[in-house]
Structures are given as C-alpha cells and as structure tokens.
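A note on names: the letters A, B, ... follow the listed sequences, proteins ahead of strands, and every chain is numbered from 1.
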Amino acid sequence: MTMFTAAALAVLVSLGLALVRVIKGPTIFDRVIAGNSVGTLSVLLLAVIGYVFGRPEFIDLAITYALLNVIGTIAVLKFFRYGDLGAGEDEAGS
Amino acid sequence: MGQVISLAIVLLVFWLTLSGIYTTFLITAGVISAVVISALAHRMDVADQEGHPIHLGLSAITYWPWLVWQIIRSALNVTRLIINPNLPISPTLTRVRMTQKTDVARVTYANSITLTPGTISVDIEGDEILVHAITSDNATDLEAGEMDRRCTQFEGSA
Amino acid sequence: MDAFIYILSWALLAGGGFFCVVGALGLLRMPDAFTRLHAASVIDTLGVGMIIAGLMVQSGLTLTTARLGIILLLVFFTSPVASHAIARSMRHRNVKPVLSEDRTGEGS
C-alpha cells in the first residue's frame, strides 16, 4: 500500500464519520458544520486521489472545490437566516 | 497606486501558476486580464489598504510562524481532549478586549482566534470579542492577551 | 536524501490522516454544535495542513507544489470565515451553548 492510498483511506473514513453527523443532525447547524467538513475533506481527497492515479490535474479540481466550499456554507447559512439569498446589507448588518 | 500595481502582479502570478502552459498567446491574455481587473478594482476603490494590505507584508513574516506554532499546539490539545474516553471538556463563553485600531488587524485577530482550534470568535461587540472556548484553560490563555499583543504589534510595525 | 523525503512525506500524510479521523470522531463525540465546531477546526488546520505538506514534499519544486500552496492558503483563509459565520448565526438564532462556565456576566 502506498502512502497516498493510506492517506486517501484515512480521508474516506473521516468522510464517512462526518456523513454520519450530517444524517444524525440534530439541528441544522450540526448538519452545516459537518457539511462544511465534508467539503474540506473532499478537497483533500481530490488532491490525494490525483497522486494515487498519477494525474496532478485533479489539483485544479481541488482548488475549485475549495473556492466553492466556503461560498456554499455561507449561502446555506444566509438562506437559513433570512429565507432569501438576496437579503440586503441593511438587514444583514447587526 | 502601489496597491494597484501589486494587485496586478499577484493576479498575473496566480494566472501563471494555474495555467502551466507558457505560450505567447496565453501569457499575453494573462497580462491583459491582470491589467483590466486591476483597473476595475481601482475604479471600484477596492484596491486600497484594506482590500490589499501589502503594508503588512513584513510583519506577517514574524506573525504567521508564531500563529502556526499556536495552531499546532492547540490542535494537539484538542486532539487529546477528543481521544480521551472521558471527554474532559469545559466549554466557556468569555469576552476578550481587542486593542487593534484598523479593521484589517481586527479581522486578523478574530480570524486567528477562530483558526486556532479550541477557541472560536462568536460575535464582535464594540471593542470586545465574544469567544467560545472548549476548555476553561483555553479561555484563560486567551484572556492573558498574548495573541492580542502580537496582533497589535503586527499592525503597528507596518 | 530520497529516503529522507520518503519518510518525511509518509509521516506527514499519516499524521494528516490521523488528525482528519480524530476531527471527524470529534464531530460525532462532542455534545453540542459549538463544541463540534472546535472538532471541525482540527480537520481544517492540522488535517489539511499536514496532508497538503506531505504532497508538497513529494512533488518537490514544481508547479504542482505552487498549486497545492494555493489550496493551503485558500483553506486557511476561508475556514475561519465559515466557522465564524456558523457561530454567529447560531448566536443570532439564540442557540444556547452547553456551558460549564460563563464569564460574560449575562447568564445563559
């Protein structure tokens, strides 16, 4: 077993554990936290998989995922708080 | 103006890093994109000291290694808590005062608190940050103000 | 020298994998949402940092290392923003954290 396979397996196990938390909840915030971790872990998995298969282009995909992950989390939170993604600055500020 | 030029250079380096194919056409396209985006950022007034703080570059060299060391230390601490079968956590909510003046340094301080496992900045109220710490020791460490002092230094030495 | 690089990247990758599993385990074991955020930040810092560092050691001074560096910087700059957004939105929704000590003096 190469070191990349070992790292990929560890990341996969963590993904499984995080998914259990996504399913169990109990509140929406637990799901968002676990979902954010799933996003981070999938960035790692993509980067490691690129080395497992010897195709470094996967790292470009990982960069895209890293960019989308934080936007996704904040979009979910904003939607949950205002019920609308277009809520303005004056409402959002507090 | 210094910020706009440095922004263009950073964007060009980012383009070249992601591209990896160096033909005349692609490099020219990268230069044009970097210049156009910097000009747009200049018109939108976002390439200022707050949006692109190059004046903090030198103090970052001394601050970031210290921050990385703190992150490693407290991450090991949280790891010990998690793998301990008794889960010996004592969640604490506290307020810490921040002495930074500019927004950039305040964001740096609040983000450093959050990035360090074991402490999370929950809210900012005036000059104080509401912090959730996983053990009371973590809260006491933060209240001692070492990180606050370093962040003020990070801002001041620029 | 090759053996040194081999051992170093093995150690970094194994350590990173360990911290990922520990962080995910913390997500399951912690009692409430605020404490789960702390466990998640172990993944975001040491897990990501060590695995990416291991891959960087493995690929040496190439463009791939620079791209991995971009991922590292992105995760390090965005993960506290996401954590803070979650914590703040929990506070504004009046989610009460399970506390053993409250030093804010407002009572929970």
Decide yes or no on side-chain contact (heavy atoms from CB on, under 4.5 Å) for A:Tyr65 and A:Leu45, but give the supporting numbers first. CA-CA 11 Å; A:Tyr65 264 62; A:Leu45 189 63; over 6 Å; no

Which bit of C:Ile70 is near chain A, if near means a heavy-atom gap under 4.5 Å: side chain, backbone, both or neither? side chain

Let me confirm one number: the CZ-CZ distance from A:Phe4 to A:Phe53, rounded to the nearest 0.5 Å. 13.0 Å

Measure distances from C:Ala40 to the heavy atoms of chain A and classify the residue's part below 4.5 Å as side chain, backbone, both or neither. both

Separation of C:Thr64 OG1 from A:Tyr51 OH (nearest 0.5 Å): 5.5 Å

Given side chains that start at C-beta, do those of C:Val81 and A:Ile74 come closer than 4.5 Å, heavy atoms only? yes

Separation of C:Leu8 CG from C:Leu13 CG (nearest 0.5 Å): 9.5 Å

Please classify the contact between A:Leu41 and chain C as side chain, backbone, both or neither, with a heavy-atom cut-off of under 4.5 Å. side chain

Below 4.5 Å, heavy-atom pairs only: which of A:Val13, A:Val48, A:Ile28, A:Asp30 has the largest tally toward chain C? A:Asp30

Could you look at C:Leu55 and say if it's the side chain, the backbone, both or neither that has a heavy atom under 4.5 Å from chain A? both

The interface call for C:Ser79 against chain A, heavy-atom contacts under 4.5 Å, is neither

Given a strict heavy-atom distance threshold of 4.5 Å, which part of A:Asn69 is in contact with chain C: side chain, backbone, both, or neither? neither

A:Val11, A:Leu44, A:Thr40: which one forms the most heavy-atom pairs within less than 4.5 Å of chain C? A:Leu44

With chain A, which of C:Ile43, C:Leu28, C:Leu25 has the greatest number of heavy-atom pairs at distances under 4.5 Å? C:Leu28

Would you say that A:Val76 contacts A:Arg31 through its side chain, given a criterion of any heavy-atom pair below 4.5 Å between the two side chains? no

Please examine the side chains of C:Met50 and C:Phe18, heavy atoms only from C-beta on, and report whether any two atoms are closer than 4.5 Å. no

